[in-house]
2 protein chains.
Amino acid sequence: MTERRTSKELTPAGRLAEAGLHEIIGYQIAQASIVTLTVFQRAAGAALELRPVEYTMLVLVNENPGGTAARLARALAVSAPNITMWLDKLQRRGLVRREASETDRRTQHLYITDKGRKVAEEATRRVVEAERHVFSHLSMGERAILLELLRKLALKRAD
Amino acid sequence: MTERRTSKELTPAGRLAEAGLHEIIGYQIAQASIVTLTVFQRAAGAALELRPVEYTMLVLVNENPGGTAARLARALAVSAPNITMWLDKLQRRGLVRREASETDRRTQHLYITDKGRKVAEEATRRVVEAERHVFSHLSMGERAILLELLRKLALKRAD
DNA sequence: TATTGTTATACTCTATAACTATA
DNA sequence: TATAGTTATAGAGTATAACAATA
């Protein structure tokens with residue numbers, strides 16, 4: 001009676017009943033992130049020695065030259081001491097550069113280096129390609145809708 | 001030129017340009033999970049002293065009485081030593097119960113306690129209510145589609 | 001040989017507080 | 001007073017290997 005369940009009612013791995021979690025967005029997001037984190041790690045993280053947060057930082061610094069560490073920390077929901085640590089790591093590897101501000105001497109402006117840009121672009125190529133492959137069971141339309149709804153969800157973040 | 005961007009092209013928090021990440025599912029999932037983790041923590045985690053993984057374990061054990069720790073670990077992508085630690089915690093609080101198997105003496109069957117069931121149900125009530133409120137800018141249809149697509153995404157997990 | 005579960009241990013990452021410097 | 005950034009430190013969570021018991 002409880003054994004003959006359709007796969008839609010079972011956990012993606014482990015085959016456990018999960019009806020009570022079916023409508024909980026947080027659970028489905030967590031399950032989905034297991035996949036996306038694995039995809040990132042295999043496609044780009046391992047080869048380029050980048051954590052997800054490091055990759056995101058690189059891309060954001062690349063697209064927002066002169067941005068500050070504080071804004072980066074807000075965008076990624078990472079604490080101030082934490083962003084310092086990650087920036088230290090990226091700077092030691094020569095991927096980003098810190099520059100003292102002339103107008104506000106407390107802040108520092110962030111810039112990506114040529115090396116950093118190459119790494120970021122290579123990582124993006126790899127991730128995009130890997131996701132295209134792994135998620136090929138979703139149509140282009142479904143992927144577009146998913147991305148749109150995820151963005152809408154994330155808009156609920158406190159600024 | 002680069003300042004007057006529509007909010008759709010900026011990070012949900014911090015207001016940084018993110019065009020290069022726009023089509024990356026992993027990034028959008030990560031941003032969305034910042035929201036859902038916060039919602040969980042505020043609505044249920046803090047009051048009931050439950051981590052997301054603990055809540056999920058409770059629900060899955062409740063729905064799969066007699067299931068084993070190994071299957072639970074697979075469902076949650078948690079390592080074996082890790083599931084032992086989490087089960088220890090839940091058992092110490094009297095929320096789950098371990099029972100030696102009679103057919104396979106290596107395994108142990110997991111059962112939720114009455115206390116554990118109450119906690120799980122209370123947590124679910126709180127999370128469902130909180131998500132309904134926080135994500136009210138999504139229509140019922142949009143939420144249904146989002147859940148369906150997330151499930152489809154998560155199906156790509158290796159078993 | 002492979003699997004279940006546990007212990008031991010080191011490592012990564014996070015959270016908090018305290019501090020400096022500046023606005 | 002508030003903010004940007006750093007340092008110090010403790011704690012949470014994870015990963016790995018090694019192990020015992022069983023299949």
Side-chain angles (χ1 to χ4, degrees), chain A residues 13-16 30 33-34 37-38 40-42 45-46 49-57 61 64 66-93 96-111 159, chain B residues 13-16 30 33-34 37-38 40-42 45-46 49-57 61 64 66-93 96-111 159:
Chain A
R15 309 218 145 250
L16 296 175
S33 73
I34 295 174
L37 289 172
T38 303
F40 175 85
Q41 169 65 11
R42 288 187 188 161
E49 293 183 285
L50 282 180
R51 301 276 156 189
V53 64
E54 292 178 304
Y55 165 65
T56 310
M57 285 172 68
V61 170
N64 300 272
T68 68
R71 284 175 74 200
L72 198 55
R74 274 195 293 272
L76 301 174
V78 163
S79 67
N82 229 291
I83 212 73
T84 296
M85 180 200 70
W86 288 117
L87 284 173
D88 284 347
K89 282 194 176 187
L90 293 176
Q91 191 171 38
R92 255 182 265 128
R93 292 170 64 181
V96 300
R97 185 163 53 79
R98 287 190 252 215
E99 203 167 278
S101 170
E102 294 178 357
T103 55
D104 183 339
R105 294 176 57 200
R106 292 172 306 180
T107 65
Q108 52 192 204
H109 299 293
L110 303 174
Y111 299 94
D159 229 311
Chain B
R15 311 219 144 249
L16 295 175
S33 73
I34 295 175
L37 288 172
T38 304
F40 174 85
Q41 168 65 12
R42 288 187 188 161
E49 292 183 285
L50 282 181
R51 299 278 154 191
V53 66
E54 292 178 303
Y55 164 66
T56 310
M57 286 171 68
V61 170
N64 300 272
T68 68
R71 284 174 75 202
L72 198 55
R74 274 195 293 274
L76 301 174
V78 162
S79 67
N82 229 291
I83 212 75
T84 297
M85 180 199 69
W86 289 116
L87 284 173
D88 284 348
K89 282 194 177 187
L90 292 177
Q91 192 170 35
R92 255 181 266 127
R93 292 171 63 181
V96 300
R97 184 163 53 81
R98 287 189 252 215
E99 202 167 281
S101 171
E102 294 179 357
T103 57
D104 184 340
R105 293 177 55 200
R106 292 172 305 180
T107 63
Q108 50 190 208
H109 300 295
L110 303 174
Y111 300 93
D159 228 313

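All of these numbers come straight from a predicted model, not from anything done at the bench.
Map A/Ala77 and B/Ile83 each onto its nearest nucleotide of DNA chain C; the residue landing nearer the 5' end is B/Ile83. Residues A/Arg106 and A/Asp88 each lie close to DNA chain D; by heavy-atom proximity, the contact nearer the 5' end of the strand is made by A/Arg106.
Nearest heavy-atom pair, B/Ile34 versus B/Thr38, reported as atom, atom and distance to 0.1 Å: O-OG1, 2.7 Å. Nearest heavy atom pair, residue B/Phe40 against residue B/Leu50, reads CE2-O, 3.3 Å.
Side-chain N/O atoms of A/Lys89 include none lying less than 4.0 angstrom from OP1 or OP2 on C/dT12. In this model, the phosphate group of D/dG13 is approached by a side-chain N or O of B/Arg51 to a distance below 4.0 Å at OP1 or OP2. Remark: B/Ser79 is not in phosphate contact with D/dT14, judged by side-chain N or O atoms under 4.0 Å from OP1 or OP2. Residue B/Trp86 places at least one side-chain N or O closer than 4.0 Å to OP1 or OP2 of D/dT14.
With hydrogens and angles ignored, the 3.5 Å screen pairs a side-chain donor or acceptor of B/Arg71 with a backbone N or O of A/Arg15.
Taking atom CD of residue B/Glu54 and atom C1' of nucleotide D/dG13, one finds them 11 Å apart after rounding to whole Å. Nucleotide C/dT12 holds its P atom 12 Å from the CD atom of A/Glu49, rounded to whole Å. Atom C1' of nucleotide C/dA8 and atom CG of B/Asn82 are separated by 14 Å, given to the nearest angstrom. Per the geometry, NE2 belonging to B/His109 stands 12 Å off C1' belonging to C/dT4, to the nearest Å. Whole-Å rounding puts the A/Leu87 CG to D/dT6 P distance at 7 Å. Distance A/Gln108 CD to C/dT20 C1': 14 Å, rounded to the nearest Å.
The side chain of B/Ala70 lies closest to C/dG5 when the candidates are D/dT16, D/dG5, C/dG5. Of the candidates C/dT4, C/dT7, D/dA8, C/dT7 carries the atom nearest the B/Thr84 side chain, counting heavy atoms from C-beta on.
The distance from the OG1 atom of A/Thr56 to the CG atom of A/Leu72 is 9.5 Å, given to the nearest 0.5 Å.
For B/Arg93, there are no salt bridge (Lys or Arg N to Asp or Glu O under 4.0 Å) partners, not counting sequence neighbours.
Residue B/Thr107 is classed as a sugar-phosphate contact, given heavy-atom separations below 4.0 Å to backbone atoms only. Among the atoms of the strands shown, base atoms are found under 4.0 Å from some heavy atom of A/Ala80.
Annotation: proximity of residues 97-105 of chain B to DNA chain C (heavy atom, distance under 4.0 Å) is found for B/Arg98, numbered in ascending order.
Within 6.0 Å of atom CZ in A/Arg98, more than 12 heavy atoms from other residues, nucleotides or ligands are found, so the atom counts as buried in its surroundings.
Test A/Leu87, A/Thr68, A/Ile83, A/Asn64 against A/Leu110 for side-chain contact (heavy atoms from CB on, under 4.5 Å) and you get one pass: A/Leu87.
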